[in-house]
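Start at 1 and go down the list; that is how both ligands and their atoms are numbered.
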Amino acid sequence: MASKELAPFAALPDESKGRVYKEEKSYYRNEFQRDRDRIIHCSAFRRLEYKTQVFVNHEGDMFRTRLTHSMEVAQIGRTISRALNINEDLTEAICLAHDLGHTPFGHAGQDALNMCMKDFGGFEHNLQSIRIVDLLEERYPNFQGLNLTYEAREGILKHCSQKNALKLGKLGERFINNNKPGLEAQVANIADEIAYNNHDVDDGLRAGLLNMSVLRKSELVDNNYAEAIKKWKKLSERQIRHEVVRRMINYIVSDLIENSKNLIQKYKPENIDAVRENTKLLIKMSESVEKKHNALKRILRKELYEHEKVNAMTSKAKETIHYLFNTYMKGSMFTTNELQEKIERNPENKNETKKARIIADYIAGMTDRYALLEYKRLSSK
Ligand code: MG
């Protein structure tokens with residue numbers, strides 16, 4: 001999409017704040033298309049296929065993984081961006097990259113790794129996504145990482161503690177100054193919530209951990225259920241589930257687009273910097289729909305994320321991560337020499353904090369099944 005077709009407050013590729021390492025322009029693709037393509041081709045992106053969203057990958061082939069979740073986020077984000085005449089390519093890039101830094105085993109894995117790292121600077125999955133695209137991917141001869149544009153990196157770093165923001169230089173400034181990111185980043189953030197709220201309803205019902213009568217305590221589910229049943233009298237359970245989820249996504253996304261149009265109209269940002277300086281987010285659902293969306297989120301937390309079967313996975317995940325971390329910290333127990341060499345190559349890595357960070361990067365990059373295999377290999381020694 002040529003820059004001139006986009007709204008003036010969109011992220012315009014020709015006016016990007018650029019990349020850390022200067023590169024020649026591509027003849028066929030704009031800067032944000034290149035960002036998206038770099039993300040799709042990187043190895044952390046492929047590993048998302050075998051990382052838990054809510055259900056561990058080997059529990060069933062039908063559940064969302066981090067990869068399919070990221071694709072659904074991108075689909076929703078692109079729809080919103082196109083409707084608002086902002087940069088669809090950049091939104092897509094941010095959406096596809098937003099979960100790159102997740103550990104195996106979902107939030108349980110991240111909490112466990114954060115515990116392991118508590119004396120060594122902690123672990124935040126969001127910050128890890130930035131480490132991956134800035135540092136850990138090895139794909140280019142002349143720099144580390146993917147060398148993404150500032151706008152893509154700004155969007156990927158969704159949240160960050162003040163302490164870590166200070167270490168990030170220009171990228172961390174907005175968390176200190178309380179500025180907002182560009183609209184494409186705001187879209188990606190909310191598309192993430194819309195995607196998981198809705199697909200977790202679908203997966204939770206499919207897994208039998210949720211049932212429709214519990215979910216209908218949510219006004220959002222109940223209204224869309226009633227409409228679906230009224231229109232289609234003889235639906236199977238599966239068709240009802242899909243129809244309700246489809247209607248909910250459409251309802252929320254439509255509200256979000258219209259409400260955001262009104263906010264943009266009200267604040268009239270002249271360009272992306274005006275968006276950043278605005279004290280309010282401009283991509284937002286209406287108050288009443290946001291309330292309904294949050295109510296559904298609370299039901300999911302109580303009935304699904306804290307379900308005993310999900311919790312059983314959580315305990316196993318935590319045990320696995322702790323065991324791997326402690327074992328690696330003790331000595332050369334890696335499958336390949338690569339990591340040991342990396343630690344030994346630089347004498348500074350004798351420092352426990354540096355060593356712990358290399359190990360955390362390694363564990364965070366694992367898929368669920370690789371982490372389990374490593375656990376098995378090490379614990380049988
Ligand atoms: Mg996500």
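- Formation of a donor-acceptor pair under 3.5 Å by the Asn114 side chain with backbone atoms of Gly122 is not found in this model.
- Among residues two or more places apart in sequence or in another chain, the ring-ring contact (aromatic ring centres under 6.0 Å, His included) test is passed with His102 by His107, His125.
- Atoms of the protein (N, O or S only) found under 2.8 Å from the Mg ion (ligand 1) are His69 NE2, His98 NE2, Asp99 OD2, Asp192 OD1.
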Would you check, one step at a time, whether the test side chain to side chain donor-acceptor pair (under 3.5 Å) holds for Gln75 with Thr79? CA-CA 6 Å; Gln75 179 275 312; Thr79 300; 3.3 Å; yes
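- The ring-ring contact (aromatic ring centres under 6.0 Å, His included) contacts involving residues 277-304 comprise nothing, where partners must be two or more places apart or lie in separate chains.
- Grouping Ile, Leu, Val, Met, Phe, Trp and Tyr residues whose side-chain heavy atoms lie under 4.5 Å apart, directly or via other members, places Leu90 in a hydrophobic cluster with Phe32, Ile94.
- Looking at Lys17, Arg276, Arg174 one by one, the single match for side-chain hydrogen bond (donor to acceptor under 3.5 Å, both in side chains) with Glu154 turns out to be Arg276.
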